Amino acid sequence: QVQLVESGGGLVQAGGSLRLSCAASGGIFSINTMGWYRQAPGKQRELVATIISGGSTDYGDFVQGRFTISRDNAKKTVYLQMNSLKPEDTAVYYCNFKLKATFWAATSDYWGQGTQVTVSS
């Protein structure tokens, strides 16, 4: 059974930094895309960043160079380094893996439990 466990959230002052981590465990054949999404109260979940197996990355427009996504394939882990945080970054952050549990399985989405990021003004 695949499980994604997140860590690294917390309370920081505006302008500060946090690094989020998300590690997968269980039966996994291959991981295609790793990503981060966030959801603030009363808003839809939105894309923060994604990274594919080849290393290419994509970021939401609001990132503006402040965040960096990276992955460690050996550890089955994705990271999100967040710098110059703003109060509007306050949200629950969820990691997402698109993976195949076995060779014959379809590629499916798996989600972490979410970690709260709060940025004070």
Side-chain angles (χ1 to χ4, degrees):
Q1 295 180 345
V2 178
Q3 184 178 10
L4 273 55
V5 179
E6 302 181 31
S7 62
L11 173 65
V12 298
Q13 197 170 23
S17 298
L18 285 173
R19 190 177 79 151
L20 307 183
S21 300
C22 179
S25 62
I28 298 173
F29 176 75
S30 63
I31 302 174
N32 182 11
T33 304
M34 300 180 179
W36 292 92
Y37 296 75
R38 71 184 189 184
Q39 188 165 24
K43 295 185 177 180
Q44 287 188 293
R45 188 171 299 187
E46 64 179 344
L47 172 71
V48 178
T50 59
I51 182 167
I52 64 174
S53 59
S56 297
T57 58
D58 191 23
Y59 295 92
D61 290 338
F62 66 87
V63 170
Q64 299 174 334
R66 299 178 299 129
F67 299 172
T68 302
I69 187 171
S70 60
R71 64 190 284 171
D72 185 327
N73 291 329
K75 296 181 178 179
K76 297 181 176 63
T77 300
V78 64
Y79 306 94
L80 183 69
Q81 178 66 48
M82 301 187 292
N83 301 320
S84 302
L85 284 163
K86 305 174 182 179
E88 50 263 45
D89 294 319
T90 296
V92 177
Y93 285 69
Y94 299 89
C95 62
N96 170 265
F97 285 17
K98 298 184 186 299
L99 60 83
K100 292 167 62 71
T102 69
F103 176 81
W104 295 273
T107 300
S108 301
D109 283 295
Y110 292 83
W111 293 89
Q113 80 281 4
T115 185
Q116 177 70 48
V117 171
T118 303
V119 184
S120 62
S121 59

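As the structure is a prediction and not an experimental result, all values here were calculated from the model.
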Between OG on residue Ser53 and CG on residue Asn73, distance to nearest 0.5 Å: 7.5 Å
Same cluster (ILVMFWY, side-chain, under 4.5 Å), Tyr110 and Trp36: yes
Under the side chain to side chain contact (heavy atoms under 4.5 Å, CB included) criterion, do Glu88 and Phe62 qualify, and how do the steps go? CA-CA 10 Å; Glu88 50 263 45; Phe62 66 87; over 6 Å; no
Which value, rounded to the nearest 0.5 Å, describes the distance between Ile52 atom CD1 and Thr57 atom OG1? 9.0 Å
Distance in Å, Ser30 OG paired with Lys98 NZ, rounded so as to fall on 0.5 Å steps: 13.5 Å
Identify the two heavy atoms, one from Gly8 and one from Leu18, that lie closest to each other, and give their separation to 0.1 Å. O-CD2, 3.7 Å
How long is the gap from CG on Leu20 to CE on Met82, to the nearest 0.5 Å? 4.0 Å
Check whether Thr90 reaches the backbone of Val119 with its side chain - one donor and one acceptor, N or O, closer than 3.5 Å. yes
Grab the two heavy atoms, one from Leu85 and one from Arg66, that are nearest each other, plus how far apart they are. CA-NH1, 3.9 Å
Between Asp89 and Phe67, is any pair of side-chain heavy atoms under 4.5 Å apart? yes
Nearest heavy-atom approach of Ser17 to Gln81 is CB-NE2, 4.0 Å
To the nearest 0.5 Å, what is the distance between CD1 (Ile69) and CE (Met34)? 9.0 Å
Compute the centroid of each ring, for Phe29 and then for Phe103, and state whether the two points are separated by less than 6.0 Å. yes
Quick check: are there more than 12 heavy atoms from other residues, nucleotides or ligands sitting under 6.0 Å from NZ of Lys75? no
Is it possible for you to say whether Tyr59 and Tyr79 belong to one hydrophobic cluster, with membership spreading through side-chain heavy-atom contacts below 4.5 Å? no
With side chain to side chain contact (heavy atoms under 4.5 Å, CB included) as the test, would you mind laying out the steps for Val2 and Leu4 before giving the verdict? CA-CA 7 Å; Val2 178; Leu4 273 55; 3.8 Å; yes
Val12, Val48: one ILVMFWY side-chain cluster at the under-4.5 Å cut-off? yes
Tell me the closest heavy-atom pair linking Asp109 and Trp111, and the distance in Å. CB-NE1, 4.1 Å
Are Val92 and Phe97 linked, directly or through intermediate hydrophobic residues, by side-chain heavy-atom contacts shorter than 4.5 Å (ILVMFWY only)? no
Backbone of Glu6 reached by a side-chain donor or acceptor of Gln113 within 3.5 Å: yes
Nearest-0.5 Å distance, CG of residue Leu99 to CG of residue Asn32: 9.5 Å
Using every non-hydrogen atom in the two residues, find where Gly112 and Tyr94 come nearest and quote the distance to one decimal. O-CD2, 3.7 Å
Could you pull out the closest heavy-atom pair between Leu47 and Tyr37, with the gap in Å? CA-CD2, 3.6 Å
